[in-house]
Amino acid sequence: MMKRMMMLTRTVVNRFTIVQSHSLRCHSQSRRQMSMGSESLVSRLKSCGLLQTKGLIGGKWVDAYDGRTIEVHNPANGQVIASVACMGDKETKDAISAAYDAFAPWSKLTAADRSNRLRNWYNLLIQHKEELGQLITLEQGKPIKEAIGEVGYGASFIEFFAEEAKRVYGDIIPATLPDRRLFVLKQPVGVVGVVTPWNFPLAMITRKVGPALACGCTVVIKPSEFTPLTALAAAELALQSGIPPGVLNVVMGDAPKIGNSLLESPQVRKITFTGSTAIGKKLMVGAAETVKKVSLELGGNAPCIVFDDADLEVALKGSLATKFRNSGQTCVCANRILVQEGIYEKFTSAFSNAVQDLKVGNGFSEGVVQGPLINEAAVQKVDSFVQDAISKGAKVLVGGKRHSLGFTFYEPTIIGDVKNEMLIARQEVFGPVAPVIRFKTEEEAIQIANDTNAGLAAYIFTNSMKRSWRVAEALEYGIVGVNEGLVSTEVAPFGGYKQSGLGREGSKYGLDEYLEIKYVCMGNMG
Ligand code: SIN
């Protein structure tokens with residue numbers, strides 16, 4: 001099943017025509033080379049210019065002003081991959097100034113011009129998909145096929161918004177007086193602070209930066225300190241694609257200082273963030289002082305509901321895909337598997353067999369579909385949730401402990417007899433653990449599913465068309481997968497209800513988040 005999942009994302013990559021760039025001759029590598037040791041991989045990435053370790057401010061690669069650096073580790077073996085500039089408020093202020101100065105010229109380009117440059121960037125991302133995938137596996141840990149799939153997914157936002165750049169239409173409103181003309185213009189909001197997480201080191205950046213740049217905004221990106229290398233490599237390719245200096249800036253290091261500088265600056269007109277609900281709330285409060293626009297894509301607590309009338313094979317595939325993608329480290333991963341009593345035994349037994357077979361290991365090793373978790377804190381959190389559930393009567397069906405590989409590997413786990421009151425069902429586990437909850441009726445399933453502050457993604461498996469509609473409408477979630485566990489795509493709106501966030505990313509709706517609406521009233525036109 002995981003193989004099918006990787007195939008899906010790879011198909012996205014292969015669908016597009018790849019235009020060769022003249023600017024960088026670092027050719028794609030064979031699969032054989034992907035399993036090479038980290039050191040030779042790092043030196044090769046360095047030699048082709050894709051291992052940047054400085055921040056990008058106004059088109060220049062710069063060290064932290066006080067020379068400080070921060071180590072980036074490979075979660076699969078704890079080795080240091082590189083040391084990157086550890087920046088703070090001074091560098092962030094300069095990055096904001098650079099983005100502010102670049103805003104007027106960038107926003108005044110024609111939409112077609114911005115579109116072409118974004119298209120060039122897309123082409124370069126695809127041309128270097130294997131190197132970028134290797135960087136993702138090195139610093140984030142996901143299996144190489146999944147990492148290359150992320151490059152295709154991430155690049156698709158740049159391609160989509162390169163096209164949408166040309167479709168930012170305004171309106172003419174029928175006038176209320178004969179000598180008046182009323183217009184609506186859509187204009188870019190200005191400088192955008194882009195704060196992104198480690199679980200998708202590329203795609204969470206492109207999903208925000210694609211629409212921002214397409215509209216004419218400029219950006220200051222703060223990638224996660226755990227995974228800055230992919231962001232820096234993508235920024236290098238953006239420079240090569242003809243996106244002018246200052247339009248896209250990257251600072252990383254001291255997260256509170258960078259975050260505060262972005263929040264305090266009146267020149268930053270919008271903050272867009274993907275990450276934890278707790279940090280999202282802080283950013284929202286901080287943005288209030290200067291009344292910035294805010295888009296937040298926060299934590300989920302996705303229910304995956306398997307009804308008695310589901311096709312067992314489809315439900316198994318979908319549940320595996322939505323639970324174990326990226327080792328359970330996505331906001332849309334199933335956090336609770338709700339199974340109706342009539343199919344409970346059959347489903348849990350087949351699910352257990354499939355999960356037992358998931359190969360865990362270093363993402364560069366052949367056949368691995370489950371990589372390490374991002375760090376020790378993540379493993380401790382996952383394990384504490386599992387222990388809490390066990391202490392309250394839940395039963396481990398598969399896994400349930402740290403993996404014998406050590407480091408931050410955790411066994412793919414299924415826990416049965418979970419109750420919705422348990423910690424593991426109340427909070428996002430963000431790891432390869434599937435808690436299974438038994439239910440009797442459709443009403444009960446909907447009640448359990450909605451009994452949470454989160455509302456990002458939900459999944460249902462049923463063969464009944466009527467039930468599909470009924471339950472999809474009743475679920476208080478921004479995204480609902482029906483007989484499908486993989487729902488993310490650049491063409492559809494991604495975002496949540498309740499405390500899972502504000503705004504939508506991707507799709508035509510994603511553009512609105514970066515646009516102001518201006519009403520122009522012209523008098524004396526008679
Ligand atoms: C996320 O985990 O926030 C993003 C997942 C996705 O784009 O599918």
Side-chain angles (χ1 to χ4, degrees), residues 2 5-6 8-13 136 140-143 146-161 194-211 223-224 226-227 230-231 272-280 283 295-302 304 318-335 371 373-374 378 382 427-432 454-459 477-481 484-507 509-510 513:
M2 293 302 272
M5 199 162 102
M6 309 319 164
L8 279 179
T9 34
R10 284 171 60 72
T11 320
V12 175
V13 178
I136 292 174
Q140 197 272 340
K142 67 179 68 170
E146 202 171 336
I148 292 173
E150 182 187 334
V151 181
Y153 176 48
S156 72
F157 291 103
I158 302 301
E159 188 196 42
F160 181 84
F161 287 106
V194 175
V195 184
T196 57
W198 49 264
N199 62 341
F200 288 84
L202 180 71
M204 295 305 99
I205 292 177
T206 53
R207 189 153 80 182
K208 298 171 191 310
V209 173
S224 163
F226 299 132
T227 57
T230 310
T272 172
F273 170 71
T274 293
S276 73
T277 306
I279 301 289
L283 290 174
S295 293
L296 301 171
E297 199 265 274
L298 309 177
N301 182 1
C304 170
S319 307
L320 274 174
T322 176
K323 178 64 248 183
F324 291 98
R325 174 175 173 228
N326 200 10
S327 300
Q329 302 173 108
T330 90
C331 300
V332 289
C333 274
N335 205 53
L373 300 192
I374 189 68
V382 168
Q427 290 185 24
E428 203 175 20
V429 65
F430 231 65
L456 185 55
Y459 306 88
Y477 288 82
I479 303 165
V480 179
E484 179 56 66
L486 296 172
V487 289
S488 305
T489 158
E490 77 279 13
V491 301
F494 189 105
Y497 281 24
K498 300 184 189 168
Q499 295 186 24
S500 283
L502 294 174
R504 293 295 179 269
E505 297 194 310
S507 80
Y509 305 103
E513 305 288 333

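Counting convention: from 1, in listed order, for ligands and their atoms alike.
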Review point. Within 45° of the six-membered ring axis of F494 and under 6.0 Å from that ring's centre, is NZ or CZ of R207 located there?
Key: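 Yes, R207 lies over the aromatic ring of F494.
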Exercise for review: Consider only side-chain N and O atoms of E150 and N326, and report whether a donor and an acceptor are under 3.5 Å apart.
Suggested key: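 Judged by distance alone, the side chains do not pair up.
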**Study point:** Any side-chain donor near an acceptor of the partner, E513 and S295, under 3.5 Å
**Key:**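 Yes, a side-chain donor-acceptor pair sits under 3.5 Å.
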Ignoring hydrogens and angles, write down the donor-acceptor pairs under 3.5 Å from the side chains of residues 196-204, residues two or more places apart or on other chains.
from: N199; atom 1: ND2; to: Q329; atom 2: O; distance (Å): 3.1

Point to revise | Heavy-atom pair of closest approach, residues Y459 and A334 | key: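 Distance-wise, the nearest heavy atoms are CE1-N, 4.4 Å.
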Check your understanding: Which protein residues have a heavy atom closer than 4.0 Å to any atom of ligand 1, listed by chain and number?
Key ->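 For ligand 1, the residues that come within the 4.0 Å heavy-atom cutoff are Y153, N199, F200, M204, R207, T274, E297, R325, T330, C331, V332, S488, F494.
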**Study point:** Test salt bridge (Lys or Arg N to Asp or Glu O under 4.0 Å) applied to K208 and E505, step by step
**Key:** CA-CA 7 Å; K208 298 171 191 310; E505 297 194 310; 2.7 Å; yes
